There are 2 protein chains.
Amino acid sequence: MEHKEQNECNHYKGLDEETLFMVSQTFKALSDPTRIRILHLLSTRECSVNEITGELSLMQSTVSHQLRFLKNLRLVKFRREGTSLYYSIDDEHVITLLNQMIHHVNHD
Amino acid sequence: MEHKEQNECNHYKGLDEETLFMVSQTFKALSDPTRIRILHLLSTRECSVNEITGELSLMQSTVSHQLRFLKNLRLVKFRREGTSLYYSIDDEHVITLLNQMIHHVNHD
DNA sequence: ATTTAATATGAATACATACTCATATATAAA
DNA sequence: TTTATATATGAGTATGTATTCATATTAAAT
């Protein structure tokens, strides 16, 4: 009970390749100020591309490129309404992680 | 109670510059496979640079460079023991976020 | 004082990425 | 069908970053 020789062979089991890739990709999505601003805005309400562009003072092209990035990772989704595309959050869990990080850097 | 005209002027209040910077920087630390592997290893036990290098099959120089990155963000700390430097986690909250993300990408 | 072992650092390089511009696509209205 | 509006996309560019190599620093041991 008090000695651990029986469990000596105790080498570290790393993360598998696929997990490592998805984790790093998803954190990468959260590592850019522009994408953070877009996600944070969408976490308050659904927005069209134009609304995001206006609210955050970004180029329309920049917003479209970043939304494609976020859509590929299934972090956001969209619906069409006339000629406008309304984007919204598609992964609430990741938004929770973002909010936890925002809270973390502001306190402690 | 049922109409909201009184609170019409409802524009979105974005994140301040400093928060945005720290959040993006911290997520950036978590967005690289090598740094994730190092942090994940350190979350299981304190390690010297040599141990990290051996366990993860990385170049010593690579490990040192990444540890400096993580140390600047105060994600890890170290203590000296002879000529070895033992690194360990200095921000358990960020490790919690990392573990949540690992769990997230493996399930849902 | 030399030597050895552990770690850190600077420079060079190869690669990734964010933005902008110009243009294409798509839907709706006239 | 033409026009207008909204969004997407490809190319170009500038900047950032991860790794490696060579070398410097540091502490311990002889």
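Quick caveat: nothing in here was measured; it's all calculated off a predicted structure. Letters go in sequence order (proteins before strands), and every chain restarts at 1.
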- Please check if the side chain of B:K28 supplies one atom and the backbone of A:K28 the other of a donor-acceptor pair under 3.5 Å. no
- Item | Any N/O donor-acceptor pair, B:H65 side-chain to D:dT20 base, under 3.5 Å | yes
- B:M59 CE to C:dA8 P: how many Å, rounded? 16 Å
- Task: Let me know, please, whether A:S31 or B:F78 comes out on the 5' side of the other along DNA chain C by nearest nucleotide.
- Result: B:F78
- Query: Under 4.0 Å between a side-chain N/O of B:S48 and OP1 or OP2 of C:dA6, yes or no?
  - Reply: no
- Taking only the side-chain nitrogens and oxygens of B:R68, find out if one of them lies under 4.0 Å from OP1 or OP2 of C:dT9. yes
- Write down the distance between CG (B:L58) and P (C:dT7), rounded to a whole number of angstrom. 14 Å
- Item | Distance, rounded to the nearest Å, where B:F69 contributes CZ and D:dG16 contributes C1' | 11 Å
- Query: Does a side-chain N or O from B:Q66 land closer than 4.0 Å to OP1 or OP2 of D:dT17, or not?
  - Reply: no
- Quick one: which of C:dA8, D:dA6, C:dC19 gets closest to the side chain of A:S84? D:dA6
- If you look at every strand shown and take non-hydrogen atoms under 4.0 Å, does A:S64 touch a base, only sugar-phosphate, or nothing? base
- To the nearest Å, how far apart are A:Y86 OH and C:dT27 P? 16 Å
- Item | N or O in side chain of A:R35 less than 4.0 angstrom from C:dA18 OP1/OP2 | yes
- So which nucleotide from D:dT20, C:dA22, D:dT17 ends up closest to the side chain of B:K28? D:dT17
- Side-chain N,O (A:N50) to OP1/OP2 (D:dT5) below 4.0 Å: no
- Task: Group every Ile, Leu, Val, Met, Phe, Trp and Tyr by side-chain heavy-atom contacts under 4.5 Å, then state whether A:Y86 and A:L67 land in the same group.
- Result: no
- Whole-Å distance between D:dA8 C1' and A:I52 CD1? 14 Å
- Going hydrophobic residue to hydrophobic residue with side-chain gaps under 4.5 angstrom, can you get from A:I36 over to A:M59? no
- Touch check for B:Y87, heavy atoms < 4.0 angstrom, all strands: base, sugar-phosphate only, or nothing? sugar-phosphate
- Side-chain-base donor-acceptor pair under 3.5 Å for A:S61 and D:dT7: no
- Message: Expressed as a whole number of angstroms, how long is the span from A:K71:NZ to D:dT7:P?
- Response: 14 Å
- Going from CG on A:N50 to CG on A:L85, what distance comes out if it is rounded to the nearest 0.5 angstrom? 10.0 Å
- Query: Could one point to a donor on the side chain of B:Q60 or the base of C:dA8 with an acceptor on the other under 3.5 Å away?
  - Reply: yes
- Starting from P on C:dA18, measure out to CG on A:D32 and report it in whole angstrom. 5 Å
- Do B:L73 and B:L70 come close enough that some side-chain heavy atom pair is under 4.5 Å? no
- Query: Quick one: is A:T83 getting a side-chain N or O under 4.0 Å of the D:dT7 phosphate, OP1 or OP2?
  - Reply: no
- Task: For B:Q66 and B:T62, test the side chains for any donor-to-acceptor distance below 3.5 angstrom and give the result as yes or no.
- Result: no
- Task: Could you check how far CD1 of A:I36 sits from C1' of C:dT17, rounded to whole Å?
- Result: 15 Å
